[in-house]
Amino acid sequence: DDRAMKDAEKKLYGHKANHVMKTDIKEMNNGYELIVDLPGFKKDEVHAALENGYLTISAEKGLDKDEKEKESGRYIRKERYAGACSRSFYVGEDITEEDIKAEFKDDETPRQVSVAGRMMSRRIMGKASFIELQDSKGRIQVYITRDDICPGEDKEMYNTVFKRLLDLGDFIGIEGFVFRTQMGEISIHAQKLTVLAKSIKPLPIVKYKDGVTYDSFEDPELRYRQRYVDLAVNEGVKDIFIKRSKVYSSMREYFNSKGYMEVETPILQAIAGGAAARPFMTHHNALDIPLYMRIASELYLKRLIVGGFEGVYEIGKNFRNEGMDRTHNPEFTCMEIYVAYKDYNWMMEFTEKMIEKICLDVNGTTEVKVGDNIINFKAPYKRVTMLGAIKEHTGYDLTGMNEEQIREVCKKLNMEIDNTMGKGKLIDEIFGEFCEGTYIQPTFITDYPIEMSPLTKKHRDNPELTERFELMVNGKELCNAYSE
């Protein structure tokens, strides 16, 4: 098709070919025509086949018995033509080491491939060498010989460029065929090496053997300040980025299947609303007014509900100019969804089904290992009231207590409190210190006291409580929701 043919190389390379195959690509009304000229061959001696995205062109020059006996040299050429004139190039999507290993078969004709990536290790043994090439999916071994990548008299590509000038971390391209070594490792036999880009600074050398990592790149300051190095040398780090992307895709798929619409709302706002947090400030020169980077997308999403949409959501950045630690970043991604005519009971069921789907889409299972804990995201999740959780873990029932009584409970629990804390803040501190970290399996904490959530809809059965929940997983809050 149009995209594939434009990306295809116009010059095709063959293994041990001893003649020139001229090719050209001609644009036609309904696509492209590949023109092949093989000097010395008749039309019926040339064959072409398209299979699994590969175009293979082969030629075999037939000689009768008399010609074989009279011209032994031509007989040798005939044997070369039979296998060596087969040339392939990929006209579909890019191929990776993962694809090469998955599709390799010992009993098939060696597959011609073209790959690119970083050189992560090198073992030089005279005229032959082995390297490890790392692409976006993993690593594959490449076998390189001097005479294969330097078929002529000039051996500079191997002797000088490969052996002396290339360093670990350099980007190179390899063209060759796939085979299995005597040690049983699927590898690429290089026929052409191309230097693509030079790594000016050397990469840390991390070694892997039998699943064990040696000389690992572990310094947390360096890993997070130079994330690109962490990605390049530490196995498994890239999987975090890939899973994060899959989480978003699964979440969007779930919302869209329910008929809810993804929207974008302003990041620069005249009033920082939707949460209780200190905003980042800036100044709009053209309007000569102060503006704030949003601390939440809530208020604009609610305006869309007012305007008539029944369900809207946004996945975007929020900014809060406050303290930071391992689980709090001043710039973070947040998903907010608002649905009309629903309550917090509906939203709990909606949330647990969404998270279960995400786990299945991303990991293929609802069980996830986090540290020493196995967390099961299979719905439904446990539901515990806020005051019930405090009673369970402290022995104190705060139901009906006023601020002074709760303050006395805090003192008995040896908590550090001050006079600025009201009833809601005191309850929040008790829960945070004695309860929150104990909920490893997914648990909905429900029915918060009204002092903690004054803008939330009052509970339908108890006006001192609100219809609010937070989902706790592995001792941390994962989400927060309300009946509004």
Side-chain angles (χ1 to χ4, degrees), residues 274-278 295-296 298 318 320 322-330 332 334 343-345 347-348 351-352 355 370-373 375 377 380-484:
R278 181 182 301 150
I295 57 176
E298 177 176 338
N318 290 341
R320 299 183 180 181
E322 297 179 331
M324 58 188 294
D325 57 31
R326 184 174 173 273
T327 59
H328 293 83
N329 192 352
F332 64 96
C334 184
D343 63 10
Y344 80 142
N345 292 312
M347 186 59 82
M348 277 189 275
T351 301
E352 62 192 6
I355 295 176
V370 182
D372 297 329
N373 299 319
I375 300 173
F377 286 97
Y381 301 158
K382 183 180 179 181
R383 288 154 170 75
V384 179
T385 66
M386 165 70 79
L387 297 182
I390 292 175
K391 182 179 180 180
E392 177 185 353
H393 290 93
T394 68
Y396 290 97
D397 186 357
L398 305 186
T399 304
M401 287 190 181
N402 58 31
E403 181 178 327
E404 288 304 318
Q405 291 171 319
I406 295 175
R407 194 178 296 278
E408 286 300 317
V409 170
C410 291
K411 292 178 180 178
K412 292 177 182 179
L413 294 172
N414 297 317
M415 294 177 58
E416 294 184 6
I417 57 174
D418 57 56
N419 295 330
T420 64
M421 296 180 178
K423 181 178 178 180
K425 180 63 175 175
L426 293 171
I427 295 173
D428 188 33
E429 289 294 314
I430 295 173
F431 180 83
E433 185 165 338
F434 294 97
C435 308
E436 182 173 338
T438 66
Y439 293 105
I440 304 301
Q441 299 302 320
T443 305
F444 288 114
I445 305 299
T446 67
D447 302 346
Y448 283 55
I450 195 169
E451 291 84 1
M452 295 181 66
S453 311
L455 301 181
T456 305
K457 190 173 185 177
K458 289 184 179 180
H459 197 283
R460 63 198 71 185
D461 298 324
N462 186 346
E464 293 185 357
L465 305 176
T466 59
E467 295 191 352
R468 173 189 175 186
F469 74 80
E470 289 183 327
L471 176 59
M472 299 294 169
V473 180
N474 201 38
K476 295 293 181 182
E477 174 195 341
L478 196 61
C479 65
N480 185 21
Y482 317 80
S483 295
E484 302 264 14

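Hydrogens, waters and symmetry mates play no part in the numbers below; they use all other heavy atoms, side chains included.
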M421 vs M415, side-chain contact (heavy atoms from CB on, under 4.5 Å): CA-CA, chis, key distance, verdict: CA-CA 12 Å; M421 296 180 178; M415 294 177 58; over 6 Å; no
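- The two residues T438 and F434 make their nearest non-hydrogen contact at CG2-O, 3.8 Å.
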Can you list the steps and then say if L465 with L387 is a side-chain contact (heavy atoms from CB on, under 4.5 Å)? CA-CA 10 Å; L465 305 176; L387 297 182; 4.3 Å; yes
Would you sort out whether T466 and I450 count as a side-chain contact (heavy atoms from CB on, under 4.5 Å), showing the intermediate values? CA-CA 5 Å; T466 59; I450 195 169; 3.9 Å; yes
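- Between the side chain of R460 and the main chain of K458, no donor-acceptor pair closer than 3.5 Å is present.
- Remark: E429 engages K425 in a salt bridge, criterion side-chain N to carboxylate O under 4.0 Å.
- Using a 30° and 60° split on the angle between ring planes, Y439 and F431 fall in the parallel class, below 30°.
- Taking CG from N345 and CE from M347, the interatomic distance works out to 11.5 Å, rounded to the nearest 0.5 Å.
- Inspection of the N462 and D447 side chains reveals no N or O donor paired with an N or O acceptor under 3.5 Å.
- For the residue pair S453 / R468, a side-chain donor-acceptor distance below 3.5 Å is found, with atom types taken as modelled.
- Separation of atoms CG (L413) and NE2 (H393) is listed at 13.0 Å; rounding is to 0.5 Å.
- Summarising the geometry of M452 relative to G424, their closest heavy-atom pair is CG-O, 3.4 Å, with the distance given to 0.1 Å.
- Put simply, the side chain of I406 reaches to within 4.5 Å of the side chain of I430, judged on heavy atoms.
- The side-chain heavy atoms of V409 and T394, taken from C-beta on, include no pair separated by under 4.5 Å.
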Please test D343 against K457 for salt bridge (Lys or Arg N to Asp or Glu O under 4.0 Å), starting from the C-alpha separation and ending with a verdict. CA-CA 10 Å; D343 63 10; K457 190 173 185 177; over 6 Å; no
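- Distance alone, capped at 3.5 Å, places no donor-acceptor pair between the N373 side chain and the I375 backbone.
- In this structure, V384 and K382 approach most closely via the heavy-atom pair CG2-CE, 3.6 Å.
- A heavy-atom distance below 4.5 Å is found between the side chains of L471 and I355.
- Rounding to the nearest 0.5 Å places OH of Y396 at 5.0 Å from NZ of K412.
- R320 contributes no side-chain N or O that, together with a main-chain N or O of F332, makes up a donor-acceptor pair within less than 3.5 Å.
- For the atom pair OG1 of T446 and CZ of R383, the computed distance is 8.5 Å after rounding to the nearest 0.5 Å.
- Pairing each heavy atom of M386 with each of I445, the nearest pair is CA-CG2, 3.8 Å.
- Counting non-hydrogen atoms of other residues, nucleotides and ligands closer than 6.0 Å to CG of D372 gives a total of 12 or fewer.
- Between the side chain of E322 and the main chain of R278, a donor-acceptor pair closer than 3.5 Å is present.
- No donor-acceptor distance shorter than 3.5 angstrom exists from the side chain of T443 to the backbone of M472, with no hydrogens or angles considered.
- The two residues I390 and C435 make their nearest non-hydrogen contact at CA-SG, 3.8 Å.
- In this structure a side-chain-to-backbone donor-acceptor pair under 3.5 Å is missing from E408 to Q405.
- Shown here is E477, whose CD atom has more than 12 heavy atoms of other residues, nucleotides or ligands within 6.0 Å.
- Residue N419 places its CG atom among 12 or fewer non-hydrogen atoms of other residues, nucleotides or ligands, all under 6.0 Å distant.
- Shown here for F469 and Y448, the closest heavy-atom pair between the two residues is CA-CE1, 4.3 Å.
- Checked by atom type and distance alone, the side chain of E451 never pairs as donor or acceptor with a backbone atom of K423 at under 3.5 Å.
- Between K391 atom NZ and L398 atom CG the span is 10.5 Å, to the nearest 0.5 Å.
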